[in-house]
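Before any comments, here is the structure.
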Amino acid sequence: MDHQAVDIDAMITGVLSAKHGYFNYYAELETAGKCFEWVMEHLALDEIGIYLNNSTVADDIESKYITLYDYLSEEISKIPPGANGVIFTPWLHGNRCPFEDSNAGGMFFNIRIENGKRDMLRAVLEGICYHLRWLLECEEKKVKTSDTIRFVGGGALSPVTCQMLADITGRTIETVDNTQEIGAIGTALVVAAGIQGEDVLALSRRLVKPNHVYIPDPGNKKTYERSYRVFKNLYKSNASNFKNINAGVRS
């Protein structure tokens with residue numbers, strides 16, 4: 001086992017906020033939605049139901065993501081929390097935080113004879129959520145983070161993913177309307193606040209309201225805590241393996 005220390009301060013960045021005197025702190029996961037795009041391409045598109053023929057799905061990534069993601073979310077909901085023991089690491093393009101390692105890779109851990117593709121699909125989403133929890137814990141060492149999290153982007157369209165994120169992080173998760181256009185909405189709010197001479201955060205609170213709220217299910221806590229501990233150990237146990245197999249190839 002590699003006992004290489006993990007630098008939990010890696011790549012937590014502070015940038016100026018739109019509000020004077022404030023900063024935004026963020027930690028980055030290199031691949032999140034890309035992980036699910038990968039698993040859709042390689043585990044789902046060629047075999048599941050109406051998606052047997054790739055030509056039936058639009059080439060546009062966003063339109064494909066919405067339609068197929070909805071379908072797969074329903075299938076994933078049939079699998080219990082913990083993905084029947086399967087764990088996925090979402091480091092398909094290396095990783096930045098809480099450890100910075102371009103050699104890190106994605107893997108499915110603990111596949112057994114009784115596991116199937118639905119377990120693997122759920123494990124991908126859970127792996128992303130485990131890593132997001134890890135990022136939150138690292139940020140907590142620097143700043144106080146909110147007990148309630150606004151979840152935006154394509155993943156927030158799935159109630160299964162939203163509940164999963166709530167259960168794994170132990171935080172209340174809120175979603176908003178037009179979640180995939182949230183960047184444009186934020187830009188519009190900054191412009192509007194500037195024109196009106198108004199506090200941008202106050203304006204945002206007034207105009208952008210949650211449309212759904214997801215509360216952590218205490219019944220899933222024990223399963224997710226166990227898997228999360230294993231998830232974090234997977235990098236520590238395999239850092240040297242990633243380096244040995246990828247350093248020469250990717251240099």
Side-chain angles (χ1 to χ4, degrees), residues 1-2 6 27-48 65 68-69 71-138 151 153-170 173 220-239 241-242 245-246:
M1 177 180 294
D2 184 2
V6 175
E28 182 180 357
L29 170 59
E30 282 286 271
T31 50
K34 197 71 177 178
C35 288
F36 209 75
E37 181 185 331
W38 178 88
V39 82
M40 285 190 296
E41 290 281 356
H42 297 286
L43 291 183
L45 272 174
D46 56 342
E47 294 184 20
I48 293 183
Y65 183 78
L68 184 53
Y69 192 89
Y71 178 73
L72 294 182
S73 290
E74 182 179 351
E75 294 299 311
I76 289 167
S77 69
K78 301 172 185 177
I79 302 301
N84 290 316
V86 179
I87 297 176
F88 175 79
T89 64
W91 312 321
L92 296 185
H93 191 59
N95 191 63
R96 289 179 183 245
C97 182
F99 59 88
E100 187 172 11
D101 188 349
S102 61
N103 292 315
M107 61 178 164
F108 287 100
F109 175 77
N110 199 39
I111 295 177
R112 301 172 68 86
I113 193 69
E114 61 269 19
N115 292 120
K117 284 190 176 182
R118 287 179 178 84
D119 298 331
M120 297 170 72
L121 291 167
R122 184 175 183 105
V124 170
L125 289 182
E126 290 183 345
I128 294 167
C129 292
Y130 291 141
H131 198 98
L132 292 177
R133 172 177 168 176
W134 203 357
L135 298 181
L136 278 172
E137 291 177 350
C138 292
F151 182 30
L157 295 171
S158 166
V160 173
T161 306
C162 293
Q163 187 61 54
M164 187 185 296
L165 185 61
D167 292 347
I168 288 175
T169 62
I173 301 298
N220 296 331
K221 183 177 176 64
K222 182 178 180 180
T223 295
Y224 281 135
E225 288 294 324
R226 180 179 64 241
S227 293
Y228 178 60
R229 288 193 298 270
V230 174
F231 173 85
K232 290 198 297 182
N233 284 331
L234 286 175
Y235 176 71
K236 297 176 184 178
S237 300
N238 288 282
N241 292 331
F242 285 134
I245 201 167
N246 289 327

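These figures come from a predicted structure and were not determined experimentally. By convention here, the first residue in the shown sequence is residue 1.
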Heavy-atom pair of closest approach, residues N241 and S237: ND2-O, 3.9 Å
Aromatic ring pairing F99/H131, orientation class (parallel under 30°, perpendicular over 60°, tilted between): perpendicular
Side chains of F88 and C35 in contact at under 4.5 Å (non-hydrogen atoms): yes
Min side-chain heavy-atom separation I79-N84 under 4.5 Å: yes
From E137 atom CD to L132 atom CG, the distance as rounded to the nearest 0.5 Å: 11.5 Å
Distance, nearest 0.5 Å, that separates CD of Q163 from OG of S77: 12.0 Å
Side chains of M164 and R122 in contact at under 4.5 Å (non-hydrogen atoms): yes
Salt-bridge criterion met for E126 and R133 (N-O under 4.0 Å): no
Atom pair CZ/SG of F231 and C129 - distance to nearest 0.5 Å: 10.0 Å
Heavy-atom side-chain proximity of P81 to D167 below 4.5 angstrom: no
Heavy-atom check, side chain of Y228 versus side chain of W134, under 4.5 Å: yes
Closest non-hydrogen atom pair, M107 against F242: CE-CZ, 4.2 Å
Pair N95, Y235: side-chain N/O donor-acceptor within cut-off below 3.5 Å: no
Side chains of V124 and L121 in contact at under 4.5 Å (non-hydrogen atoms): no
Ring-ring centroid check Y130 W91, cutoff 6.0 Å: no
Least distance between heavy atoms, V86 atom then N110 atom: CG2-O, 4.1 Å
Main-chain N/O of N220 paired to T223 side chain as donor or acceptor, under 3.5 Å: no
Minimal non-hydrogen separation, G127 against P90, with atom names: O-CG, 3.7 Å
OG1 on T89 to CG on L234, rounded to 0.5 Å: 6.5 Å
T161 OG1 to L72 CG distance, which is reported to the nearest 0.5 Å: 10.5 Å
Gap separating the CG atom of N233 from the CD1 atom of I87, nearest 0.5 angstrom: 9.5 Å
